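Please read these numbers as outputs of a predicted model, since none were measured by experiment.
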Amino acid sequence: MKKLLFPLSFTLLVGCQNLTAEQDEVAESNIDEEQALDIAQNGDIYEALLADETANVIHPKADVQVPLSDNETLVISNDIWQRIRDDFTFEIPQNRKVIAQRNWYAKHGAYMDRVAKRAEPFIHHIVEEIERYDMPMELVLLPIVESAYDPFAYSHGSASGMWQFLSSTGKQFGLKQDWWYDGRRDVAASTQAAMKFLRYLHKRFDGDWLLALAAYNSGEGRVARAVKDNARKGKPTDFWNLSLPRETRDYVPKLLALADIVKRPKDFDVSLYAIDNKSVISSIDIGSQLDLALAADLAGLTIDELHALNPGFNRWATAPNGPHNLLIPNNKVEKFKLGLSKLKDNERLSWQRYQIKNGDSLSVIAKRFNTTVTVVKEANSLANNNIRAGKYLLIPTAAQSLDRYKTYEQVRKTKLSKKGSGDKLIHVVKNGDNLWDLGRKYRVKSTDIAKWNGFAPKDMLRLGQKLTIWKGNKPVTVAQTPTNTQVSTNKVMRNINYKVRSGDSLARIANKFKVKISDIEKWNNLNRKTYLQPGQLLKLSVNITSI
């Protein structure tokens, strides 16, 4: 493959059809004038366009601004960024990778502001936890790299939450996960687990924080093998000299780049979104299970606002067996505690008296009322699963329509709508198959194939795997103009800068990228009599799906 020069997030739009604000931002054309694609083959184009995203996750919920003050605007008396930068300890190398990542972040101020606003309710707590565990303060920036500070974020690789824990790793470090609750999305619980995990990795790699961070991303086994392989070959075993996946090679420089920006924002003409250096939320012990709609009313919040602070809850109520804590804005705590103290035990949940019918089982009844068998048994003091028709059960139910709760599971299922339109066919994966080729074969988008089958566009296919393909979508024509990224039903338009190679002509370039010569002329103020010079940059708007 010829040399490829591309920026931090030269990204093919992937994931859900309805792009989130995060994906819109990442998808913006972001090539600096001195950076461009130097491409010989169409396959090279595809590889370049698949460079990893800033945060390779899906954001299933729209951001919610929680009222953290009684005033419309928080008065910032002591900016937390100064506290953070004062405790930085990492040396930041000014190498090509760090500089490229830093340039992207510095250029995308709107993205940085959005991430900081997400972090605002939680960042003071995370800073305090980092200090309590005596960890490097640079780690407060890791959730930006992992999830863009979104506690609802998830990847198709089954990682979830602000710190992107896999289920198995989360359980290993004490994160409870069940039908009611997922500790990976609980900001307080997952932050504590992340500190423990990172401390373990730091010790595992003999105090080398860059190796620990690399292992957090790609697994300790992979990093350990890379270190061992270099040692066997007599090569340096530091992070910069290891053979690691592309994502991991970019992962550590992203964190270092962010630290450099926070450390000296004026040097990069960056204005960080101001966040007060004080706690704005409190953890309140609620004692036992509580309907989330009722909890929101007691605190004077909407359900969405309460859920934004307490994203670990999957359902309409807190978990029956805990945790029994809710994060509440400090300015709402007094009102919440007062209302909670006046609640009787039987008022914390709504109850329905249900008469058992012939053919009923506890599992059928639990499913009907959106609860679990365990909850029904506990509510009715049942020692086993035996029930009798004609008898009555008390079932805890949501106080309001389930549509009002917009629980995580509801939102995620909506986001992951897998059904396409048209004719359905099944493709059995054989040796050599990849999503790109399958998309071209069936004339659909590779990202749609991933969506229809519930995995990420970057996930590996397995031999014998059965893929559902929906055919029948009609292509929609879009105007090709290099002013922004455009997405249509069957086209993904991407703006690029192309570096002219020796022997190139307008006709050759137009043929390579499946565009019109007249469009290249229009986009670059050229005419057909113009001689192209090697190294010259041309602006192009490319339909990725046609390459």
Which residues pass the side-chain hydrogen bond (donor to acceptor under 3.5 Å, both in side chains) test with Thr374, sequence neighbours left out? none
Would Ser167 and Gln177 satisfy side-chain hydrogen bond (donor to acceptor under 3.5 Å, both in side chains), going step by step from the backbone distance to the final call? CA-CA 8 Å; Ser167 178; Gln177 299 160 58; 2.8 Å; yes
Would you find a donor on one side and an acceptor on the other, under 3.5 Å apart, between the side chain of Gln94 and the backbone of Ile92? yes
If we ignore angles and hydrogens, is there a donor and acceptor under 3.5 Å between the side chains of Asp186 and Tyr181? yes
Go through the structure and list residues passing side chain to side chain contact (heavy atoms under 4.5 Å, CB included) with Lys337, not counting sequence neighbours. Ile284, Val333
Decide yes or no for Asp291 and Arg348: does some side-chain heavy atom of the first lie under 4.5 Å from some side-chain heavy atom of the second? no
Got a sec, which pairs hit salt bridge (charged side-chain N to carboxylate O under 4.0 Å, His left out) with one end in residues 161-172, sequence neighbours left out? none
If the condition is side-chain hydrogen bond (donor to acceptor under 3.5 Å, both in side chains), which residues does Ser243 pass it with, not counting sequence neighbours? none
Identify, with sequence neighbours excluded, every residue that meets side chain to side chain contact (heavy atoms under 4.5 Å, CB included) alongside Lys235. Asn230, Lys233
With Asn331, which residues qualify under side-chain hydrogen bond (donor to acceptor under 3.5 Å, both in side chains), at least two apart? Asp70
Results of side chain to side chain contact (heavy atoms under 4.5 Å, CB included) for Met162 - residues two or more places apart only: Phe122, Ile126, Pro143, Ser147, Tyr149, Pro151, Val187
Partner set under side-chain hydrogen bond (donor to acceptor under 3.5 Å, both in side chains) for Lys97, not counting sequence neighbours: Asp250
Looking at residues at least two apart in the chain, or sitting in another chain, which of them share a side chain to side chain contact (heavy atoms under 4.5 Å, CB included) with Asn277? Asn78, Ile80, Arg83, His124
Under the ring-ring contact (aromatic ring centres under 6.0 Å, His included) definition, can you give me all pairs with a residue in residues 210-244, not counting sequence neighbours? Phe197-Tyr216
Per the salt bridge (charged side-chain N to carboxylate O under 4.0 Å, His left out) rule, what does the pair list look like for residues 208-218, sequence neighbours excluded? none
Quiz item: cation-pi between Arg184 and Trp163, 6.0 Å / 45°: no
Sorted by chain and number, sequence neighbours left out, salt bridge (charged side-chain N to carboxylate O under 4.0 Å, His left out) with Asp260 holds for Arg102, Arg264
